[in-house]
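Here's the structure we're looking at; comments come further down.
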Amino acid sequence: MTEEQRDEQIIQAWNDHRPYLVDLAFRMLGDIGAAEDVVQDAFSRLLRARTGEIEDERGWLIVVTSRLCLDQIRSARARRERPHDASEIEFVPGGQATVGQRAPVDPADRVTLDDNVRLALLVVLQRLSPAERVVYVLHDIFQVPFESIAQTVGRAVPACRQLARRARLKLSDGQSRATFDIGAAEHRQVTEKFIAACASGNFEGLLEVLAPDAWGDFDAGPDQARARGVIRGAQRVARNLLHFWGPGSTLVSHPVAGQPALLGFRDRALAGVLVFTMRDGKIQAVHVIGDPRQLSFVSSQLG
C-alpha cells in the first residue's frame, strides 16, 4: 500500500468511525472536549500503526479509545477526583491488571437536571467504579462482545461478565434514581444512524430513520420573541436538521425519560438537546431544546 493510499484509508476510517467513537468516549468521560481529544489520540495511533498490522480498524479503534478513556477516568490528579472503591482493576500495557488500588470516581458522572429538561445525563452511571462503567457502556449500551472488552480492560471474560452484572445491580438499586431503558437496541441503532447521517451530511441516510410524516419543533425558551413553529414532513425536517446539526457539529446520545435523545455541540459548547419520539422503529418527532438557561445549566453540570 502506498503512502497516499494509506492516507486515504485513514481519512475514510475517520469519516466512518469518528462519530461512533466520540459518542462512546463521551458516555465514559462526560466531557465533549475530552471525548474528542481521546478519539483524536486514537486516530493518531492508528496513523502510526504499520500498514497491514490491523485487520479490523473499527474494533481496534474501539479498544484503543476505551483504554484511553479508562486511563483518564483513573487519573485522579488530572481530573481532581475523589477516591472510590478499592476493589477495581487498573489497566496497564500488556493486557495485565493491577487489583486493589484506589479507583477515583468521575465527578461528571453526577448530573441532575430540573423537571423542564428531564434529561438524566450520566446519572445512571454515578454509582459505578471506572471498570464497571467501561464494561457496562461497552457491553450493555454499545453491544461490544465480552471477548473484545476483556482485551480492553485486561481481565478475563468471566471477570468482565461479573463487572457488568455488578453494574446492573448497582443501577437497579434504589427507588429514587432516574430509570429508563438506556440499552434499548432499537433506539441505539436509530441514534447511531442519525448521528452518522448528520456527521456526513447524508440527507438520504437521515430520511431512512425519519418517519415519512415526521415533525420537529424548537424550544428557545420563554424569552424568545418569535417562535419557529412546527416543521412537518421528513424531507423538511431532514433539511433543517442538516442545516443546524450537520458537519461541523458534534452529536452524542443520551436518553431522556426513556426516549432516545442527543446532545448537540458546536465548538465543544452545548448548543442544543434533541429529544426523539419513536414509532415503529422510526423517529416520529424531534424536539430541540435550545433555551439558553437550560443549556447553561446542563453545561455547568458537565463542566
As a quick check of understanding, evaluate salt bridge (Lys or Arg N to Asp or Glu O under 4.0 Å) for K282 and D280, giving each step before the final call. CA-CA 6 Å; K282 299 279 188 178; D280 299 329; over 6 Å; no
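- Between the side chain of S249 and the backbone N or O of G246 there is at least one donor-acceptor pair closer than 3.5 Å.
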Check the pair V22, I32 against side-chain contact (heavy atoms from CB on, under 4.5 Å), reporting the backbone distance first and the verdict last. CA-CA 8 Å; V22 171; I32 191 63; 4.0 Å; yes
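- For the pair D71 and R67, the salt-bridge criterion is not met [side-chain N within less than 4.0 Å of a carboxylate O].
- For A196, the side-chain contact (heavy atoms from CB on, under 4.5 Å) test picks out no residue, with sequence neighbours left out.
- Between F218 and F244, a ring centre-to-centre spacing not shorter than 6.0 Å is recorded.
- A search for side-chain hydrogen bond (donor to acceptor under 3.5 Å, both in side chains) contacts involving E8 returns nothing, not counting sequence neighbours.
- Here the side chain of D23 pairs no donor or acceptor atom with the backbone of V252 at under 3.5 angstrom.
- With hydrogens and angles ignored, the 3.5 Å screen pairs a side-chain donor or acceptor of N240 with a backbone N or O of R236.
- For the residue pair T250 / R268, no side-chain donor-acceptor distance below 3.5 Å is found, with atom types taken as modelled.
- Between the side chain of S148 and the backbone N or O of V144 there is no donor-acceptor pair closer than 3.5 Å.
- The existence of a salt bridge linking R232 and D213 is excluded, since no basic side-chain nitrogen approaches an acidic carboxylate oxygen closer than 4.0 Å.
- For S296 (side chain) and P292 (main-chain N/O), no donor-acceptor pair under 3.5 Å exists by modelled atom type.
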Dump the intermediate steps for side-chain contact (heavy atoms from CB on, under 4.5 Å) on W245 and L251, then the final yes or no. CA-CA 8 Å; W245 306 108; L251 298 173; 4.0 Å; yes
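- A donor-acceptor distance shorter than 3.5 angstrom exists from the side chain of D31 to the backbone of G33, with no hydrogens or angles considered.
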